[in-house]
Amino acid sequence: MKIKKIIRNEIEKVAKSLKISINPVFSVEIPKNVDHGDFSSNVALVSAKENKQKPMDLAELIVAKFKRNKNFSTVTVAKPGFINFTISRTLYVSVIKEILQAGEEYAKSDYGQGSKILIEFVSANPTGPLNIVSARAAAYGDTLYRVMSYLGYAPSREFYMNDAGNQVEILAESIELRFREILGERIGEMPDEAYHGEYIIELASRINTIEGSRILHMNEIERLEKIKDFALNEIRIMHEESLSRFGVEFESWISENSIRKTGIIEEVLSYLYEAKVTYEKDEAIWFMATKFDDEKDRVLLKADGLPTYFVPDIAYHTTKYDRGYNVIIDVLGPDHHGYIQRLIAALKALNYDETKMEFIFLQQVNLFNEGEKIKMSKRLGKIVTMDELVDEVGKDAARFFFIDRKPASHLNFDMELAKKQSSENPVFYCQYAHARICSILEKAKALPFDTIEIDYSILKKLNKQDEFQLIKKLQEFEEILINVAEQREPHRLTDYLKELSGMFHKYYHDFNILNKRTKDTTLARLYLVTAIRNILKIGFELIGVSAPEKMSKKE
RNA sequence: GCGCCAGUAGCUCAGCAGGAUAGAGCAACAGCCUUCUAAGCUGUGGGUCAGGGGUUCGAAUCCCUUCUGGCGUGCCA
């Protein structure tokens, strides 16, 4: 990041002195082909037209001005009009110095300028244990949160509990059935629409132990109400615990039920009514969503007089606005994309700035074990829960795997691979790089010279191509983080960590780091390797994966 | 039918908001341990970027279109 910025600035300075006007869309990038230097820019190509010059000529003019610049060892013009830069050793060395000086705070910044960002994610229905899609959402949202915090945004994590409506009634009924079963009643087959999972029986038996005698004599309505409250509370605690084990905490838990009680729903409805965007048809109240680019109008109040899920959700979203967020991110499951258009329509009708909303859809997760796809059925209660997954493969592997794919892609989760302790498993591979460095640093303590006091002038001993490449990779870190935050794509971070780890493993293999006969080189390499370790460690922290100093081998 | 997302190596996926010869891992094959962890490293083969048009100096990337897959399209949430 820093080097790119330096190059940008230099180019702009040069252009100014040459009185060339520059198209600001020009880029500075790391070319794929190493023959094209360390960095390259297309300034001349994109600015040729407005200067009425050929790209090549323009490039030559600019390059001439770079002749005596200490930061670059060579600056050349190539084919259609690219300018290629090779970085000088001084500039490289300054990167390591910066990383070492910043320590565990490296790349931390105020880039986000305190922009208030709400990230709503997981928001699973409180009708059962968290499943794998929730786990993916948890890893995703939390990583986004961590990176944004690191970069000086002011993000906040929120969990919306749909603890009202039909499904919750069914939950209560399901438990009530099981409850009666425990008391010896013959209930026959559970109805299709009921929840079938083991946990329903557990909840029933728990409420029997705690409240059994009391609810036994209640009338059915009271009893269902009691069971509902009990179950919702239990399940919320269950969710919190699962998430907490996964390293995810939420700043706020918002209950749909409590939103329904505030009167905000009535406000929303009366506002829509006054705005004359509602009408009555078939005994229901409809919202003219088509007026605001939705495909069809939507029901607000059902014929039975009860609001649809839509209404409290609008109300909920207005609270997000009222809480003053600059950006409101909803992380949603794959089955919700038909829904957002109507939500946006409603927000427009209520005069909220819908451009603040951002929707991210995480695609589904398929679990594989030994090459076999694990079949799940929510209806039959046959699902692999988040807890089971974490028990099976561990938090580190689970978080890494979930993040390691861009959100819109389906994710095939290979449980066998996640458990492997070899280079095939990317989590292991990266953690091992970190551990390896730690073990080198440990060994370095036995060297017959001081390795604690850092003498940065020694860094000029780094002169191998592999070392420059590593440094170049290190300085990309800052930019990667910014990309993660801005594009909402955490997978770029795991990608980066894999690459950096790979480069280190190779370096380790090809070069001896500890050598007491070449003190300066040894020290310089130790500094380099320390810088790598720092970045790995920061990266792991940001994705919520541990940075082990030793790998303990399991048999 | 309509809408959203996807289609890149045998498999799993990247490709940085248009850049130079499309990359990585796995799998396959061939190698590397008296050495700081071989829990690792190196090499080889492998592609009509789903197809077809267009935009321009330049397209996997942007636009149009066709095909294929997933999901959505309830007075469910």
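Lettering of chains follows the sequences in order, A, B, ..., and the numbering in each one begins at 1.
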In Watson-Crick or G-U wobble terms, with both distances under 3.5 Å, the base opposite B/A6 is B/U68
Whichever of A/Y309 and A/N84 has the more 5' nearest nucleotide on RNA chain B, that residue is A/N84
If you go through the side-chain atoms of A/T308, does one of them form a donor-acceptor pair with the base of B/A77 closer than 3.5 Å? no
### Task
Tell me yes or no: between the side chains of A/T290 and A/D297, is some donor less than 3.5 Å from an acceptor?
yes
Q | Pair of N/O donor and acceptor under 3.5 Å linking B/A20 base with A/N42 side chain | A | no
A/Y429 side chain near B/C41 phosphate (N/O to OP1/OP2, under 4.0 Å) = yes
Among B/G19, B/U12, B/A77, the one nearest any side-chain atom of A/N412 is B/U12
Mark yes or no for whether A/S47, through its side chain, and A/I22, through its backbone, hold a donor-acceptor pair below 3.5 Å. no
query: Is there a donor on the side chain of A/N33 or the base of B/U21 sitting less than 3.5 Å from an acceptor on the other?
result: yes
Looking only at B/U12, B/A39, B/G15, the nucleotide nearest the A/R492 side chain is B/G15
Paired to B/C29 by Watson-Crick or G-U wobble criteria (both distances under 3.5 Å) is B/G43
Nearest-nucleotide check on RNA chain B, A/D404 vs A/Y339; residue mapping nearer the 5' end is A/D404
Against the side chain of A/V299, the closest entry in B/C36, B/C75, B/C16 is B/C75
Of B/A6, B/G15, B/C36, the nucleotide closest to the side chain of A/K406 is B/G15
To the nearest angstrom, the CZ-C1' distance between A/R436 and B/C36 comes to 9 Å
Does B/G19 have A/F82 stacked on its base, where the ring centres are within less than 5.5 Å and the planes differ by under 30°?
no
Q.
Could you check whether A/E120 pairs with A/K320 (Lys NZ or Arg NE/NH1/NH2 to Asp/Glu carboxylate O, under 4.0 Å)?
A. yes
note: A/R533, atom CZ; B/C36, atom P; distance rounded to Å ~ 20 Å
To the nearest angstrom, the CZ-P distance between A/R405 and B/A24 comes to 17 Å
Quick note, A/A408 side chain, CB onward, closest among B/C5, B/A20, B/C13 is B/C5
Whole-Å distance, A/L523 CG to B/C36 C1', equals 15 Å
Winner on side-chain proximity to A/D35, out of B/A77, B/U21, B/A14, is B/U21
Against the side chain of A/D495, the closest entry in B/C75, B/A14, B/G19 is B/A14
Under 4.0 angstrom between A/Q487 side-chain N/O and B/A17 OP1 or OP2: yes
Between CE of A/M503 and C1' of B/U42 the distance, given in whole Å, is 16 Å
**Prompt:** Reckon A/K296 has a side-chain N or O less than 4.0 Å from the OP1 or OP2 of B/G74?
**Reply:** yes
Ranking B/C36, B/C57, B/A20 by distance to the side chain of A/P31, first place goes to B/A20
*Tell me, do A/F504 and A/L536 make a side-chain contact under 4.5 Å, heavy atoms counted?*
no
Checklist entry - Is there a stack between A/H410 and B/G70, judged by ring centres under 5.5 Å and planes under 30°? => result no
Among the nucleotides B/A38, B/A39, B/A77, whichever has the atom closest to the side chain of A/N162 is B/A77
* Do A/H336 and A/D330 get their side chains close enough for a donor-acceptor pair, meaning under 3.5 Å? -> no
ask   = With distance as the sole criterion, do the side chain of A/H337 and the base of B/C71 form a donor-acceptor contact below 3.5 Å?
value = yes
A side-chain contact here means heavy atoms from C-beta on lying under 4.5 Å apart; do A/Q341 and A/E295 qualify?
no
Out of B/C36, B/G19, B/G15, minimum distance to the side chain of A/L45 belongs to B/G19
If pairing means Watson-Crick or G-U wobble with both distances under 3.5 Å, then the partner of B/G1 is B/U73
